[in-house]
Every structure is written in C-alpha cells, then in structure tokens.
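Everything quoted here is computed from the prediction, not taken from an experiment.
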Amino acid sequence: MPKPLLAALALLLALSPGLRAEPQAPGPTLAAVKQRGVLTCGTSTGAAGFSLPDSRGEYRGLDTDLCRALAAAVLGDPAKIRWMPLTSSARLPALQSGQVDVLIRTTTWTQARDTATGLNFTAVNFYDGQGFMLRKSLGVAKATDLQGASICVVAGSTNELNLTDWARLHHVDYRPVVFEQNDEARRSYLAGRCDAYSTDASQLAGLRSSFPNPEEHVILPEIISKEPHAPVVRQGDDQWFDIVRWTFFALLTAEELGVTQANVEAERKSANPEVRRLLGLTGDHGALMGLEPGWAANAIKAVGNYGEIFERNLGLASPVGLPRGLNALWTKGGLMYAPPIR
C-alpha cells in the first residue's frame with residue numbers, strides 16, 4: 001500500500017470513536033514538575049486583579065488563580081506552587097532559561113515573541129488594550145490633548161513600544177518617564193512625577209482602585225492597542241503546551257456548561273456527555289496528556305470556572321470593577337471560546 005494511504009489509514013484509525021489512544025508518558029516539563037512536586041509559576045511583581053499579594057502574603061488575581069488551576073490539574077493540589085515574581089524585562093528570559101515552568105503574567109501575545117524567543121503562547125486568557133490614566137484636575141478629555149505631557153510607562157513592555165508608535169502617528173510630543181516595575185511607576189504617578197500613566201486599561205482600573213482617592217483620577221476612553229494576554233511555555237515540549245492550554249480551555253468549558261466550584265462534585269451525576277468528558281468520567285482525555293482522569297475536575301474544584309475567576313478578581317463587584325466585555329463567553333457576545341473536549 002502506498003505510504004500516503006498508510007498514513008491516512010493510521011490517522012483514520014486513531015480518530016475512530018471506538019478506539020482509545022495510548023496514554024502519554026510524562027514529557028520533560030511534566031516529569032520535572034512531578035519529580036519536584038511543585039509547579040514554579042512566573043508571575044508579576046504586582047498587578048491588582050491579576051497577581052498581587054494580599055495582607056497575608058497570599059497571591060490573588062486572575063493570573064495566579066490560573067497557576068493554581070494548573071497545579072491542581074498536574075499535581076492534584078493548588079497549593080503546590082513556587083511563585084516567582086518577575087519584572088517585564090525579566091519575565092521572558094526567566095522562562096527561556098528554565099527558571100519557571102510557565103509564565104502566567106499579563107504577557108501580550110505578539111508575533112515576535114511567538115517566533116523569535118523560543119517560546120509558545122498557549123491561549124488568550126484576557127483580552128485587553130492600552131489606555132491612559134490621569135488626574136481629573138488636568139481637564140484632559142482625550143489622549144491627543146496630552147501634548148507635552150510626561151507619561152509614566154514600564155520598560156520592556158509592549159506598552160512602551162505602543163506609546164511611541166501612537167505618539168508618532170498622532171504627532172503628540174510627550175516626555176516618557178520609564179520604570180522597571182509597575183509599582184515604581186505607580187508611586188511616581190501618585191507623587192506627581194508624571195502627568196499621565198499608560199498601560200493596559202485593566203491594570204489602570206486596578207491601580208486606580210488602590211489609590212487613596214480613586215475618584216480624583218480618570219481613565220480616558222481611547223484604547224491604542226490590542227493586548228491579548230496568554231500563558232507562555234517553552235517551545236519543544238508539546239505535551240506541556242497542551243496541558244497549559246487545555247487546563248484553561250477546561251475552565252472556559254466549565255463556565256459554558258454551568259459547572260462551578262460549588263457544584264462540581266454534584267455534576268459527577270450528570271447525564272450530559274460533555275460534562276462527563278470534562279470531569280473525566282468518560283474518555284481518556286487526561287491520559288492523552290499524561291494526566292489523571294480528574295485533571296479538569298481538580299482545576300475547577302481549586303478555583304472555579306473562568307467566569308467565577310473573572311468576577312472574583314476583576315468583575316463589577318470586585319475593587320477593580322471591570323465588565324466582562326470581550327472576555328465574556330462567545331455565547332454572551334464575547335470572544336472566549338473553547339474547542340470541545342472529546
């Protein structure tokens with residue numbers, strides 16, 4: 001039989017519903033994490049709603065909850081995490097060098113980062129865009145009125161590049177005040193060293209919520225960029241790429257199916273075939289990635305579905321106070337869409 005026909009037959013057999021694929025052995029990253037017993041997660045040095053230590057030193061936010069979900073899926077315990085706070089300029093080198101297993105840290109997916117760094121972006125976990133925040137007392141109504149202003153921005157970020165491009169395009173002459181970390185930029189903005197602060201709009205909302213008098217600050221309506229945030233892994237380990245990506249997709253699927261942190265155990269009695277596949281009651285979807293059958297159920301039990309994570313950390317009832325917007329499910333007018341688990 002000709003080789004193309006043999007290949008087609010092999011693919012057909014592998015995809016046949018009645019046949020089961022062979023479980024995967026642990027790849028290099030999964031094996032290292034399991035041997036170590038701890039997931040090393042690269043996170044930010046402080047971004048309200050995404051990754052910020054609370055009064056007890058516990059990291060809280062959308063990004064850190066996704067780290068916990070991954071630890072639960074892989075190790076069965078969301079607490080088995082070693083946090084590594086990373087600045088914008090240090091985050092990609094830390095992943096490239098193997099200091100962290102995964103980077104889940106408000107990192108924008110760009111073509112250059114995806115092709116020239118030896119890294120892979122897994123799935124967009126938050127759709128954002130860059131904006132501007134300033135004091136109401138300045139009386140600025142639109143971004144192009146920032147002619148001659150000093151603007152705080154963080155080094156090594158897409159925000160720094162976007163600001164340069166936007167200013168050149170709109171002929172705005174501004175003075176950049178560049179900092180290594182978000183916290184430095186925040187303090188300097190509050191101290192009056194900058195007229196405005198430019199970063200992702202979600203982070204501006206989080207920063208404003210932490211200010212002594214948030215009502216004195218306004219976020220302008222203009223969005224000057226696309227900032228799709230995604231967890232990042234090293235190239236060359238497809239199994240780990242799949243695990244990180246599908247853990248996030250499982251949280252989206254759980255929201256779509258109504259599976260929550262509170263009802264996940266009760267849903268084990270569901271007759272819905274999609275729910276049963278999600279929770280590992282049918283199929284070998286965990287084994288296909290070298291994980292236990294309950295990998296997704298463990299993630300949901302640890303942090304809830306994506307909607308619960310969003311509302312807890314960023315939603316209208318949180319201090320950040322963001323609407324779902326583009327981050328709503330596709331069934332509710334948003335962009336969040338997970339391929340089927342089957």
Query raised in the report: Going by atom types only, do Thr260 and Asn305 share a side-chain donor-acceptor pair under 3.5 Å?
Result: no
Requested in this report: Determine, step by step, whether Ser89 and Glu180 satisfy the side-chain hydrogen bond (donor to acceptor under 3.5 Å, both in side chains) criterion, reporting the C-alpha distance in whole Å, the side-chain angles of both residues, the deciding distance to 0.1 Å, and the verdict.
Outcome: CA-CA 8 Å; Ser89 57; Glu180 182 68 19; 2.3 Å; yes
**Report entry** Enclosure of Glu58 CD (heavy-atom neighbours >12, cutoff 6.0 Å)
**Finding:** yes
**Report entry** Tyr337 OH: over 12 foreign heavy atoms closer than 6.0 Å
**Finding:** no
Query raised in the report: Does the side chain of Asn159 come under 3.5 Å of the side chain of Gln130 through a donor N or O and an acceptor N or O?
Result: yes
Query raised in the report: Which atoms form the tightest heavy-atom contact between Lys142 and Val140, and what is the distance?
Result: O-CG1, 3.2 Å
**Report entry** Backbone N/O of Leu86 and side chain of Arg105: donor-acceptor pair under 3.5 Å
**Finding:** yes
Query raised in the report: Just by distance, do the side chain of Thr45 and the backbone of Thr87 share a donor-acceptor pair under 3.5 Å?
Result: no
Query raised in the report: Counting N and O atoms only, with roles assigned by atom type, does the side chain of Glu255 sit under 3.5 Å from a partner on the main chain of Leu252, one being a donor and the other an acceptor?
Result: no
Report summary line: side chain to side chain donor-acceptor pair (under 3.5 Å) with Arg60: of Asp54, Asn313, Asp65, only one passes, and it is Asp54
Query raised in the report: Can you tell me how far OH of Tyr174 sits from CD of Gln147, rounded to the nearest 0.5 angstrom?
Result: 12.0 Å
Query raised in the report: Atom CZ in Arg208, atom CD1 in Ile219: separation rounded to 0.5 Å?
Result: 4.0 Å
Report summary line: Between the CG atom in Asn213 and the CZ atom in Arg135, the distance rounded to the nearest 0.5 Å is 10.5 Å
Query raised in the report: Is a side-chain donor or acceptor of Thr247 paired with a backbone partner of Ile243 at a separation under 3.5 angstrom?
Result: yes
Query raised in the report: Looking at CD of Gln96 and CG of Leu119, how far apart are the two atoms once the value is rounded to the nearest 0.5 Å?
Result: 5.0 Å
Report task. Check step by step if side chain to side chain contact (heavy atoms under 4.5 Å, CB included) holds for Val218 and Met133. Result -> CA-CA 6 Å; Val218 62; Met133 178 170 63; over 6 Å; no
Report task. May I ask you to decide if Leu103's main-chain N or O and Thr107's side chain share a donor-acceptor pair within less than 3.5 Å? Result -> no
Query raised in the report: Any side-chain donor-acceptor pair under 3.5 Å between His217 and Tyr197?
Result: no
Report task. Just say parallel, tilted or perpendicular for the rings of Phe132 and Trp166, cut-offs at 30° and 60°. Result -> tilted
Query raised in the report: With no hydrogens and no angle check, is any side-chain donor or acceptor of Ser270 less than 3.5 Å from a backbone partner on Val275?
Result: no
Query raised in the report: Would one find more than 12 heavy atoms of other residues, nucleotides or ligands at under 6.0 Å from atom CZ of Arg342?
Result: no
Query raised in the report: Does a side-chain N-to-carboxylate-O contact under 4.0 Å join Lys136 and Glu215?
Result: no
**Report entry** Hydrophobic cluster identity match, Met84 and Leu92, side-chain contacts under 4.5 Å
**Finding:** yes
Query raised in the report: Can you list the steps and then say if Leu190 with Arg187 is a side chain to side chain contact (heavy atoms under 4.5 Å, CB included)?
Result: CA-CA 5 Å; Leu190 281 175; Arg187 291 197 304 267; 5.8 Å; no
Report task. Applying side chain to side chain contact (heavy atoms under 4.5 Å, CB included), run through Asn125 and Ile104 and close with a yes or a no. Result -> CA-CA 9 Å; Asn125 63 21; Ile104 308 181; 4.0 Å; yes
Report task. Say whether Thr43 and Asp63, considering side chains only, have a donor N or O and an acceptor N or O under 3.5 Å apart. Result -> no
Query raised in the report: In terms of hydrophobic clustering (I, L, V, M, F, W, Y; side-chain heavy atoms under 4.5 Å; direct or indirect links), are Phe50 and Val100 co-clustered?
Result: yes
Query raised in the report: For Arg324, does the CZ atom have more than 12 heavy-atom neighbours from other residues, nucleotides or ligands under 6.0 Å away?
Result: yes
**Report entry** Value rounded to 0.5 Å, distance of OG in Ser198 from CD in Gln203
**Finding:** 11.0 Å
Query - Flag, side chain of Asp195 to backbone of Ser150, donor-acceptor distance under 3.5 Å - result: yes
Query raised in the report: When rounded to the nearest 0.5 angstrom, what is the spacing between CH2 in Trp295 and CD1 in Ile300?
Result: 8.5 Å
Query raised in the report: Taking the side chain from Asn263 and the backbone from Gly258, do they hold a donor-acceptor pair closer than 3.5 Å?
Result: yes
**Report entry** Residue pair Thr29 / Asp101, side-chain donor-acceptor N/O under 3.5 Å
**Finding:** no
Report task. Please indicate whether Lys34 has more than 12 foreign heavy atoms, meaning atoms of other residues, nucleotides or ligands, lying under 6.0 Å from its NZ. Result -> yes
Report task. Check whether any side-chain N or O of Glu311 sits under 3.5 Å from a backbone N or O of Ala317 as a donor-acceptor pair, and report yes or no. Result -> no
Query raised in the report: Do Glu227 and Asn162 get their side chains close enough for a donor-acceptor pair, meaning under 3.5 Å?
Result: yes
Report summary line: Closest non-hydrogen contact found for Ser88 with Ala155 is CB-O, 3.4 Å
Query raised in the report: Is there a chain of hydrophobic side chains (I, L, V, M, F, W, Y, each step under 4.5 Å between heavy atoms) that links Leu66 to Tyr127?
Result: yes
Report task. Please state whether the rings of Tyr306 and Phe310 are parallel, tilted or perpendicular, taking 30° and 60° as the class boundaries. Result -> tilted
**Report entry** Stepwise side-chain hydrogen bond (donor to acceptor under 3.5 Å, both in side chains) check, Thr40 with Arg82
**Finding:** CA-CA 5 Å; Thr40 304; Arg82 180 184 300 127; 3.2 Å; yes
Report task. For Phe179, check ring-ring contact (aromatic ring centres under 6.0 Å, His included) against everything at least two apart and list the hits. Result -> none
Query raised in the report: Is there a chain of hydrophobic side chains (I, L, V, M, F, W, Y, each step under 4.5 Å between heavy atoms) that links Ile309 to Leu257?
Result: yes
**Report entry** Main-chain N/O of Thr108 paired to Arg113 side chain as donor or acceptor, under 3.5 Å
**Finding:** yes
Query raised in the report: Going hydrophobic residue to hydrophobic residue with side-chain gaps under 4.5 angstrom, can you get from Leu326 over to Leu62?
Result: yes
Report task. Please lay out, stage by stage, how Phe126 and Leu314 fare under the test side chain to side chain contact (heavy atoms under 4.5 Å, CB included). Result -> CA-CA 11 Å; Phe126 190 85; Leu314 295 166; 3.6 Å; yes
